[in-house]
Structures are given as C-alpha cells and as structure tokens.
Amino acid sequence: MFEREKQVLEQKLRPLLEAREVPVPEAFTYVEIPFKGTWGFGLAVFPLAAAEVKAKGLKGVPVPKRAQELAEYLAANLDPGQLPGIQRIEAVRGYLNFYLDPHLYSRQVIDRVLDEGQKYGHHPRRGERVMVEFSQPNTHKALHVGHLRGTILGDVICRILDAAGYDVVRANYLGDIGWHVIKWLWNYLKYHKGEEPPAEDKIRWMGDLYVEANKRLEENPELEAEVRDLFKRWDQGDPELRALWEKTRQWSIEGFDEIYRWLNVHFDRVYFESEVEEEGKALVEDMGARGIAIDQRPEGPVIVNLDQLMGLPEGTLRTYVVLRSDGTSLYSTKDLALAIRKFREYPDLARSIYVVDVRQSLYLKQIFATLKVMGYEWADRLYHLAYEVVVLPGNVVLKTREGEVVFLRDLIQEAIRRARAIVEEKNPALDAVTKERVAHAVALGSLKYTMVARENNRTVTFDWKRALDFQGVAAPYIQYAHVRANSILRKAGGALPEPLTPAHALHPKEVDLISQIAVFPDRVLMAAREYKPLTLTNHAYELARAFNDFYNTCPVLQAEPRVRAFRLRLVAAAKQTLANALALLNIEAPEVM
RNA sequence: GCCCCAGUAGCUCAACAGGACAGAGCAGCGGCCUUCUAAGCCGCGGGUUGCAGGUUCGAGUCCUGCCUGGGGCGCCA
C-alpha cells in the first residue's frame with residue numbers, strides 16, 4: 001500500500017542520507033504504525049543507523065540512539081508539503097512515521113469501496129488456473145467434524161484464490177471403493193438385505209452399518225473369509241454386486257450433497273477412486289517395465305525405492321508401496337493415476353493443491369516424488385496444503401471405524417437449534433421466516449469461523465460448549481456489526497449522499513475504521529500467498545471491532561448535515577467491506593438479527 | 001531409532017516474509033440501554049513467549065542443543 005507515496009519519499013530521502021554519508025540501502029524497511037487513531041506508515045531507521053555505524057567504524061555508538069538522531073535529522077529536513085498525501089512527519093524511537101492526510105485518503109477509500117461494491121477486495125484476473133482438491137469423504141462411512149475442517153478450509157482457500165485473481169477448479173475425490181466398502185456391502189447383504197436408508201439421515205445410517213460391520217468382524221474373526229470372498233467377487237466384476245455398490249454409493253452421495261448444500265460448498269469436478277483404479281494398475285505395470293517400481297509379487301508388494309532413485313540419504317522418502325502383493329490396488333495406486341488425469345484434463349494448471357491433513361505429509365511427498373521420477377514435468381506444481389486434525393477433548397482422535405465421532409449433521413442441527421433460541425431471546429420481534437434465516441446464518445457462520453480461525457498446522461480441539469459459543473471472537477460478532485451498519489442506513493432512508501471530502505476533524509475512531517477498510521485488499525493477497533484464511537478471520541474481526549468502536553463513539557444520523565453525509569458513506573463502505581470479508585469466509589451477512 | 005509439527009495470561013488462541021510497551025476472547029470483579037439493535041461498549045487484575053546458548057542495531061518469530069506433548073515411518077485411507 002502507498003507504493004507511490006513511498007517512491008516519492010525515497011527520492012527525497014537519498015540525497016539527505018548521502019549528505020550525511022549514510023550508506024543508502026537497496027530497499028527501505030517499512031512497518032505499520034502501531035498507534036491507534038492514526039493512519040500512515042513507518043520507516044525503520046535502525047538499518048540505516050546500523051549501516052552508518054559500521055561504515056564509519058563508530059565503535060561504542062549505540063544503534064538505537066543513532067537511529068533516533070538520524071530520524072530526527074530526516075524529519076527536520078523533509079518537507080511534508082513536498083510529499084503527496086503526507087500531512088505530518090514524526091521521529092519516534094528510531095522510527096520515522098509518515099502520517100497521511102485522512103481527509104484526502106478517506107474519500108478515496110470510501111469512493112472506491114462504494115464504486116467497486118462486491119468486487120472490493122478482488123484483484124485483476126491473472127490468467128492462471130489452479131486446482132484445489134478438498135473434502136475427500138469416503139462413501140459408506142459417516143461424515144464427522146473432522147471432515148468439516150478440511151471441507152471449510154478448502155472452500156475458503158478457493159474463495160481467497162479466486163479473489164486474488166486465480167481461476168480455481170474446485171475438485172472433490174470420493175473414496176468409493178476399498179476394503180471399507182466391501183465390509184459394508186458384506187454386512188448389508190448378510191444382515192440388512194433389502195433395507196433402505198431413512199430419507200432424513202442417510203449418512204448416519206450408512207455410518208452405523210459400517211461400524212456394525214467392523215464390530216461383527218471383530219467379534220467373529222472367522223467371518224473375514226466371507227469378506228475376502230466378496231472382495232474377490234468384486235474384483236471379478238460381478239454385475240449384481242456392482243449394481244448394489246452403485247446403488248448404495250448413491251445413498252452416501254445424496255447424504256453428502258445435503259451437507260454440502262447446508263455448508264454452501266460446491267465442486268466443479270468430482271473424481272471417484274473407482275474411476276482411476278484401472279488406470280492406476282496399468283500405470284504400476286508400466287513403472288515395473290521401466291524399472292521404476294520393483295515387483296515382488298506374489299511374495300511381496302510392488303514398491304518404489306525413492307531414496308535410491310533420487311539419490312537421497314536412506315530414510316528420507318523411504319519406500320513407497322504402490323500395489324498389494326495380491327495385485328489389488330492401494331490408495332497410492334489410484335492417487336498416481338488421479339494426478340495424471342488432473343493434468344490431462346487441465347494441462348494449464350499452474351498449481352494442483354491437495355488440501356489433506358498433515359498425517360499424510362510423507363505419503364504425499366512420495367506421490368509427488370514418484371511422479372517426478374516418472375518424468376512428469378508438472379510434478380513440481382503439486383502442492384500439499386496440510387492442516388492439523390480435529391480431536392475431541394483429551395486428544396481423542398475421531399474414528400469412523402468405531403463410531404467414536406461427532407456427526408456433522410448432529411453438529412449443524414444442534415448449532416441451529418441453539419441459535420434459534422438465542423434469536424428468540426435477543427430479537428423476538430422478528431417474523432418467523434427471518435428468525436429461521438438468522439439462526440442458520442449465525443449457526444453455520446460460527447461453525448465455519450471456528451474451523452478456519454486457526455493456524456492450519458495446529459489441532460482444533462472440538463468442544464460442544466465452545467463450538468456453540470456465539471460470544472466474542474466469532475462470526476456473530478462480525479455479522480452483528482454488519483447488521484448495525486445496515487440499521488443505520490435503513491433509518492437514514494433514501495439514496496446515499498454524493499461523494500464528498502470530509503470537512504470536520506476526523507475522529508480517531510473514524511480514522512481507524514477507514515484504515516481497516518483500506519487494508520482489506522492487501523489482506524486478501526496475503527491470505528492467498530500463504531494459503532492462510534486466518535489472516536482474513538483476524539482482519540474481519542478487527543474490522544468489526546473498528547466499526548463497533550466507531551458506532552459507539554460517532555453519531556451518524558444525529559450529526560450535522562455534512563458530517564452526517566460523510567459518515568453515512570463511511571457506514572456504507574464499512575458494511576460493504578464486512579460483507580465482502582464474510583463472503584470470502586463463506587459466511588452469510590444478515591441484514592437483521 | 002529417524003523425520004515432521006506444536007509449546008505465548010488460569011483456559012482457548014493472535015501477533016501481517018525479525019521491528020515500537022507481546023494482543024484478543026473466555027472465565028473473575030465493577031460499570032453503561034429516555035440517542036443509530038446491549039449478539040455491543042468501558043474499566044480492573046493477569047506474561048522471564050518450555051529451558052539454555054547463538055546470530056542481529058533489534059528475536060515469540062531465524063540457527064544449535066535439550067525438555068514436554070502430538071503425529072508419521074513397506075502391503076490402512
């Protein structure tokens with residue numbers, strides 16, 4: 001931000017430094033000014049002072065002291081009048097602070113926001129396509145809070161990348177085959193034949209049958225022979241079994257779709273494990289023929305010795321198993337084929353991102369390395385966006401196999417129920433339809449916010465109490481600020497006043513709010529660069545807080561006409577920025593609540 | 001054994017590619033609804049950023065070692 005202003009500044013700075021024989025650095029170090037109620041940027045003078053001390057051999061001269069002297073010298077010799085937009089220059093504790101003229105810039109910022117509307121914070125198209133694969137649930141299993149993090153993180157990353165100017169392909173990858181499916185089918189055929197899932201909760205029913213299958217097999221291990229026989233039938237392509245598989249798979253998919261609708265998450269391309277299985281097996285054969293894979297069948301599996309192939313120290317990428325000794329496929333078999341298929345369908349992908357939990361880091365490195373060894377030039381464009389898992393209090397890992405989970409459906413329903421009660425309590429005057437809409441917005445917003453308002457590589461401990469706490473740093477706080485802004489505009493009525501430059505001395509709370517609004521587009525880029533939605537959740541909160549401060553300090557409707565006109569525009573700009581920030585987090589911005 | 005991640009207030013977490021006195025929320029105590037929605041705001045208390053070194057003008061942030069916790073490591077996904 002303020003690149004133009006800094007450029008002009010540096011031209012003035014150079015001769016002043018040279019006059020003092022201070023070495024001019026290649027780049028100056030700028031920082032944000034931490035003081036509230038001001039707007040501008042700071043220049044750290046320490047590096048200049050350190051360079052001077054070194055160049056002149058000034059032994060025993062403390063750099064901080066020298067920096068402050070230098071800052072004062074510069075402040076005294078720079079004329080704010082010669083620097084566009086700069087109102088005041090101040091030397092403080094080794095920093096040279098440039099305060100901007102808030103009257104000038106506030107108008108620019110507000111006009112821009114209101115002009116760009118929903119596009120404010122969105123950057124020009126880059127003409128680069130990226131694919132983001134996320135969510136990846138298994139059919140025939142439950143969907144639990146653990147899936148929520150990956151799903152929301154992936155979705156928000158897509159939104160952020162889109163806003164940063166990338167063309168995003170949203171991909172999902174469903175685990176629709178494998179042992180878990182066969183076990184499920186075995187249990188169904190033997191104990192539930194002909195049954196159908198209840199319409200209101202298909203996922204739970206599917207998940208329960210899977211848990212039951214595991215329990216039965218655990219209690220009677222001799223039954224495993226039946227499951228193995230079934231797997232054989234599957235592998236031979238038994239039409240009756242395949243038909244049942246497709247039918248039951250559909251039940252899972254319908255259950256997933258319901259959840260995705262609630263979460264407002266969609267996909268452009270859905271891959272199935274089953275569709276890349278044969279390709280994967282063929283690929284492994286080819287790898288064997290080319291000497292990349294070592295075929296130990298039937299005594300052992302087909303493996304790739306990555307460390308040897310890549311000349312890495314033993315134990316770095318270890319050995320990668322790509323096919324079972326009985327010739328059946330593994331996750332790895334299919335993932336190799338999937339990566340290739342993605343680039344066949346979208347040859348121009350600048351990046352193919354895998355939003356997958358951190359436990360699979362080594363595994364994904366192995367996939368990427370294997371593809372590289374195979375000679376695919378795009379292998380360098382594969383990227384693992386790792387996130388830590390969701391655990392229950394006491395570090396209890398969620399396990400679909402034992403059914404030790406918090407079902408996503410239950411969580412969402414409970415959150416909505418809870419939100420309903422709060423809406424009823426806070427705003428009983430609302431009509432029934434609106435109450436319901438607000439309850440949804442608040443409940444889902446809260447869940448999404450907590451999933452994504454955390455460093456990607458830190459675990460989320462799921463706790464009912466905290467997940468359903470709508471106070472403090474949470475989505476409703478931000479939504480509420482949006483509602484208040486809307487309320488002022490509604491009461492003002494009519495069209496917004498024409499653009500105007502403020503004539504009154506801006507209140508520090510006004511300045512803070514404007515500067516939070518102004519910084520939003522930069523935050524979007526930062527979030528995109530680091531694949532870090534946390535940057536945006538933090539900013540959305542800061543923005544809401546700045547608005548609440550402003551709201552509590554600066555009257556809008558009661559203010560004298562010119563101030564009122566300016567503040568109305570400011571409120572409209574704040575509302576728009578809040579809405580845009582929430583949209584990037586896939587959180588609704590209600591008009592009332 | 002090797003590798004990865006984390007350790008910040010009583011609790012849950014921030015700290016924008018090293019920068020100003022380490023900030024919020026929750027919990028606790030005390031205030032603010034005849035003025036734009038109190039899902040809000042204000043105030044009080046609370047810290048040797050796991051430990052020990054190092055680099056730097058400057059370290060929660062980078063490097064080394066150690067401690068604690070979590071995860072991964074050839075036929076699960």
Side-chain angles (χ1 to χ4, degrees), chain A residues 29 31-35 42 44-47 49-51 53-54 61-67 92-95 97 136 138 175 178-180 273 296 300-305 314-316 318-326 328 330-332 335 357-363 386 388-389 391 395 397 401 422-423 425-427 442 453-455 457-459 461 463 466 469-474 476-477 479-481 483-492 519 522-523 526-527 529-530 532 534-535 537-539 541-542 545 548-549 551-559 567 571 592-593:
Chain A
T29 309
V31 292
E32 286 184 15
I33 300 174
F35 311 134
V45 185
F46 302 101
V53 167
K54 202 171 173 186
V61 176
V63 170
K65 188 163 175 279
R66 194 71 178 174
V92 44
R93 291 146 88 174
Y95 292 88
N97 291 338
Q136 308 111 330
N138 285 324
W179 274 104
H180 77 276
E273 263 190 70
Q296 307 170 314
V302 181
I303 60 164
V304 179
N305 191 332
E314 195 68 24
T316 307
R318 320 198 64 106
T319 303
Y320 183 43
V321 180
V322 289
L323 200 65
R324 285 202 188 90
S325 48
D326 66 0
T328 56
L330 287 160
Y331 204 56
S332 53
D335 249 326
D357 81 71
V358 70
R359 300 173 188 210
Q360 298 189 40
S361 291
L362 175 61
Y363 170 72
E388 258 293 357
V389 293
V391 297
N395 265 323
V397 179
R401 188 188 289 253
I422 293 175
V423 175
E425 176 203 326
K426 303 280 185 190
N427 205 344
V442 166
R454 176 139 314 164
E455 196 78 61
N457 60 2
R458 292 181 65 143
T459 53
T461 303
D463 180 81
R466 244 181 294 128
D469 185 3
F470 301 145
Q471 307 292 315
V473 186
Y477 181 90
Q479 292 170 317
Y480 186 61
V483 165
R484 283 177 143 181
N486 181 60
S487 185
I488 293 174
L489 295 171
R490 194 182 54 239
K491 294 214 163 155
V519 90
D522 278 357
R523 294 295 138 103
M526 200 185 297
R529 188 181 66 223
E530 299 173 0
K532 195 173 159 186
L534 174 62
T535 304
T537 56
N538 283 347
H539 177 255
Y541 177 75
E542 292 301 329
R545 185 157 60 167
N548 278 329
D549 278 351
Y551 181 95
N552 285 306
T553 323
C554 304
V556 178
L557 299 177
Q558 317 289 351
R567 286 185 177 165
V571 169
V592 292
M593 65 189 272

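Naming: A, B, ... by sequence-line order, numbering from 1 per chain. Side chains are part of it too, since the values below use all heavy atoms of this structure and drop only hydrogens, waters and symmetry mates.
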Using the test side chain to side chain donor-acceptor pair (under 3.5 Å), find all partners of [X] that sit at least two apart in sequence or belong to another chain.
X: A:N486; answer: A:K575, A:E591
X: A:Y95; answer: none
X: A:Y331; answer: none
X: A:E530; answer: none

Any chance you could measure [X], atom [atom1], to [Y], atom [atom2], to the nearest 0.5 Å?
X: A:E455; Y: A:E388; atom1: CD; atom2: CD; result: 11.5 Å
X: A:K426; Y: A:M593; atom1: NZ; atom2: CE; result: 9.0 Å
X: A:N552; Y: A:R484; atom1: CG; atom2: CZ; result: 5.5 Å
X: A:H539; Y: A:L534; atom1: NE2; atom2: CG; result: 13.0 Å
X: A:T319; Y: A:I303; atom1: OG1; atom2: CD1; result: 5.0 Å

How far does the [atom1] atom of [N] sit from the matching atom of [M], given to the nearest Å?
N: B:rU48; M: B:rG60; atom1: P; answer: 14 Å
N: B:rG28; M: B:rU68; atom1: P; answer: 35 Å
N: B:rU34; M: B:rA39; atom1: C1'; answer: 23 Å
N: B:rU55; M: B:rU64; atom1: P; answer: 15 Å
N: B:rA52; M: B:rC67; atom1: C1'; answer: 11 Å

What pairs of nitrogen or oxygen atoms, one from the protein and one from nucleotides 47-49 of chain B, lie under 3.5 Å apart?
none

Please determine if a side-chain N or O atom of [X] lies less than 4.0 Å away from the OP1 or OP2 oxygen of [N].
X: A:K532; N: B:rA14; answer: no
X: A:K491; N: B:rC36; answer: no
X: A:R454; N: B:rC13; answer: yes
X: A:Y331; N: B:rA77; answer: no

Could you pull out all residues at least two apart from A:H180 that satisfy ring-ring contact (aromatic ring centres under 6.0 Å, His included)?
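Result, ring-ring contact (aromatic ring centres under 6.0 Å, His included) vs A:H180: none returned.
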What pairs with A:Y477 under ring-ring contact (aromatic ring centres under 6.0 Å, His included), at least two apart in sequence or on another chain?
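ring-ring contact (aromatic ring centres under 6.0 Å, His included) list for A:Y477, sorted by chain: A:Y541.
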Rounded to the nearest angstrom, tell me the gap between atom [atom1] in [X] and atom [atom2] in [N].
X: A:Y363; N: B:rG72; atom1: OH; atom2: C1'; answer: 14 Å
X: A:E273; N: B:rA77; atom1: CD; atom2: P; answer: 7 Å
X: A:N552; N: B:rG43; atom1: CG; atom2: P; answer: 12 Å

Counting C-beta onward and ignoring hydrogens, is there a side-chain heavy-atom pair between A:R490 and A:V592 closer than 4.5 Å?
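Result yes, sub-4.5 Å side-chain heavy-atom pair found.
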4.5 Å side-chain heavy-atom contact, A:N97 and A:V92
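Counting from C-beta outward, A:N97 and A:V92 do come under 4.5 Å.
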Is it the case that the side chain of [X] and the backbone of [Y] share a donor-acceptor pair, with hydrogens and angles ignored and the cut-off at 3.5 Å?
X: A:S332; Y: A:V321; result: yes
X: A:Y551; Y: A:A485; result: no
X: A:R523; Y: A:T535; result: no
X: A:N427; Y: A:V423; result: no

With heavy atoms under 4.0 Å as the rule, sort [X] into base, sugar-phosphate or nothing.
X: A:N305; result: nothing
X: A:V592; result: base
X: A:T29; result: base
X: A:V302; result: nothing
X: A:I33; result: base
X: A:D463; result: nothing
X: A:I303; result: base
X: A:D549; result: sugar-phosphate

Flag as yes if A:Y477 stacks onto the base of B:rA39 (centroids under 5.5 Å, planes under 30°), otherwise no.
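Stacking is absent between B:rA39 and A:Y477, given that the ring centres and planes do not meet under 5.5 Å and under 30°.
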Which atoms of nucleotides 54-63 of chain B (N or O only) lie under 3.5 Å from a protein N or O atom, and what are those distances?
none

Would you give a per-nucleotide map of nucleotides 22-35 of chain B, 5' to 3', where B means the base has a protein non-hydrogen atom under 4.0 Å away, S means only the sugar-phosphate does, and - means neither?
--SS---------S
Assign a letter to each nucleotide of nucleotides 1-11 of chain B from its 5' end: B, base within under 4.0 Å of a protein heavy atom; S, sugar-phosphate only; -, no contact.
----SSS----
Regarding B:rC75, can its base be found pairing with the side chain of A:S325 as donor and acceptor, where the two atoms are less than 3.5 Å apart?
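Side chain to base: pair found, below 3.5 Å.
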Is there a donor and acceptor pair, one atom on the side chain of A:N548 and one on the base of B:rA39, closer than 3.5 Å?
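A donor-acceptor contact between them is absent.
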Could you work out, with salt bridge (Lys or Arg N to Asp or Glu O under 4.0 Å) as the rule, every residue matching A:D549, not counting sequence neighbours?
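So A:D549 forms a salt bridge (Lys or Arg N to Asp or Glu O under 4.0 Å) with A:K509.
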Any idea which of B:rA20, B:rA17, B:rU37 is nearest the A:R529 side chain?
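Of the candidates, B:rA17 comes closest.
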Given that A:G178 and A:R523 both sit by RNA chain B, which one's nearest nucleotide is further toward the 5' end?
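Closer to the 5' end of RNA chain B: A:R523.
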Identify, between A:T535 and A:L323, the residue whose nearest nucleotide on RNA chain B lies closer to the 5' end.
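So the residue in question is A:T535.
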Treat a base pair as Watson-Crick or G-U wobble with both distances under 3.5 Å, then lay out RNA chain B in dot-bracket form, 5' to 3', with | for cross-strand pairs.
(((((((..((((.....[...)))).(((((.......))))).....(((((..]....))))))))))))....
